[in-house]
Amino acid sequence: MNKILKVTSPLFPPLEEFQAYLSEIWKDKQVANYGQFHDKLEDALQKFLKVRELSLFTNGTIALMSAVKALGLSGEVITTPYSFVASTHILKWTGITPVFADIEPEFCTIDADLIEQAITKKTTAILAVHIYGNPCETEKIELIARRHGLKVIYDAAHAFGVEKNGKSLLKEGDLSVMSFHATKVFNTAEGGAIVSKEGEVRKQIDYLKNFGFEDETEVVTCGINGKMDELRAAYGLICLKYVESAISARKKIAETYRYALTDVKGVSFINEQVDVKSNYGYFPIFIDRDEYGINRDVLYSRLRESNILCRRYFYPLITECPEYRNEPSAKATNLPVANRKASQVICLPIHHELTAQDTERVIDAIRRKG
Ligand SMILES: Cc1ncc(COP(=O)(O)O)c(C=O)c1O
C-alpha cells in the first residue's frame, strides 16, 4: 500500500514547546480576551511581515467580513470567481452584491483590464485575491480605484510573507486580509488577520472584532466576536519560528516539480516571477486534455487511486454555486478564462514534510498519467 500523500500538511509547533506555553496559560488563567500571547503574536507578525498595523482574528472569514464593515461598503463589489468560496460569501453575508470579472491566464488573479467595464453607480469596492500567493495587478487596480473613488480589499489568505520588489504585498490596497487556517503556509489551526495602513483604521477594526467595545462599558460600534484566543496565539507564536524553514522546504519541492514537469506535453504551470518573493503555498498544474491525452478529472481520480491526494483548487468556480449562478456577471461567457482554468487545474502535494522520494512519486505519476 502506497503512503498517502496529501496536498498539504499543517505546520505544527513542537509539542514540548507548546506544552511550556500551555503551562503559562494555565498559570495565568487567561485564555481569551487578549492575553500575553495574543499581543506577542501581533507584535511578532508585524515584525516578520514588515507591516505596522496587524489585528489578529479568529479566522480569515470573520476578518474579511470585518474588513467590509470597517470600510463601510455597500451596493456592489467587483471580485473574482476563481477563489475559495469565502471570498464571495462574505460579500453576501454583509448584504453586498458580488459582480464577477474574469481572471488573467498567467497568474489566475482578477484581470485588471476587465474591472472598469464592471463598474456601475452602485460599485463601492474591488475585492481581489492574491490567488496561490500570486500578486494581483496592484498598480493597475490602485489607479482604477482612485479614478472611480473605490476602496480596495485584498484577500491575502494565500500571501503570507509574499513580497514584490522587496515590499510586502500586505501593504497594497486599503486593507489586506489573511487566513491562518491549518491549510496555510503559516497557521494557528484557525485564525486570520487584517493589515491596515493607519492606526485610526486599525482602532476601528479592533473595536469591530470585540463586539464594538472601546472599554469595559462603552460600545462604540456594532461589532462581532473575531478575537483570537490564547491557545491559538501561543501555537502560532511557536509556528512562526519554523515557518521560514517550512517555506525553504516548499521552495525545493516547487523547483523539483518545475524542472521535472517542464517537458511533459499538455501540462503547464505558473511561472515564477523574478521580482516576487514567493511562499510556495500551492503548486497548481493545468492539464490540456488534447495534448496530455486524458482530462484533468481522469488524472485526478487515477492519482487518488494511488494515494496521491491532489485537490482541484479552484474548481468548481464560485459562480457555479446556486447562490451566485443567477448573477448576470456569473455567466460562463463573461468568465471564459476562469472556466477554462477551473476545468484544467490540479494542485500537487507541497508541504514541509514531503520527502524527495514522495516528490519523485508524484512526478512519475504525472509522467505516466496516473
Ligand atoms: C482565498 C481564501 N479566502 C478566504 C479564506 C477563508 O479563511 P478562513 O478559513 O481562515 O476563514 C480562505 C481559506 O481558508 C481562502 O483560501
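Reckoned from all heavy atoms, side chains included, excluding hydrogens, waters and symmetry mates. Every number for a ligand or one of its atoms is a count from 1 in the order of the listing.
Cation-pi geometry between R232 and F180 is not satisfied (NZ or CZ under 6.0 Å from the ring centre, within 45° of the ring normal).
Of all protein heavy atoms, the one closest to atom 6 (C) of ligand 1 is T61 OG1, 3.5 Å. The protein heavy-atom contact nearest to atom 16 (O) of ligand 1 is H158 NE2, 2.8 Å. Protein heavy atom at the shortest distance from atom 13 (C) of ligand 1 is K184 NZ, 2.9 Å. Of all protein heavy atoms, the one closest to atom 12 (C) of ligand 1 is F84 CD2, 3.4 Å. Among all protein heavy atoms, the one lying closest to atom 4 (C) of ligand 1 is D155 OD2, 3.5 Å.
Listed by atom number, the atoms of ligand 1 under 4.0 Å from G191 heavy atoms are 10 (O). Within the listing of ligand 1, atoms 1 (C), 3 (N) sit less than 4.0 angstrom from a heavy atom of S87. Heavy-atom proximity to N59, at under 4.0 Å, picks out these atoms of ligand 1: 10 (O), 11 (O).
With H130 as the partner, the ring-ring contact (aromatic ring centres under 6.0 Å, His included) test is satisfied by one option alone out of F107, Y154, Y82: Y154.
Ligand 1 has no atom lying under 4.0 Å from any heavy atom of E190. At least one heavy atom of S83 sits under 4.0 Å from some atom of ligand 1. Using 4.0 Å as the threshold, A63 has no heavy atom nearer than that to any atom of ligand 1.
Looking only at distances, no side-chain donor or acceptor of N279 sits under 3.5 Å from a matching main-chain atom of G161. Side-chain atoms of T124 do not come within 3.5 Å of backbone N or O of L73 as any donor-acceptor pair.
In terms of N/O distances under 3.5 Å, ligand 1 is approached by G60. The N/O atoms of H181, backbone and side chain alike, include none that comes under 3.5 Å of an N/O atom in ligand 1.
A donor-acceptor pair shorter than 3.5 Å cannot be found between the side chains of S306 and N2. Looking only at atom types and distance, the side chain of E116 has a donor-acceptor partner in the side chain of H148 under 3.5 Å away.
Remark: aromatic rings of F269 and Y132 are distant, center separation not under 6.0 Å.
Residues I294 and R302 are in side-chain contact: their nearest non-hydrogen atoms beyond the backbone lie under 4.5 Å apart.
Ring pair Y21/F37 is tilted by interplanar angle, where 30° to 60° counts as tilted.
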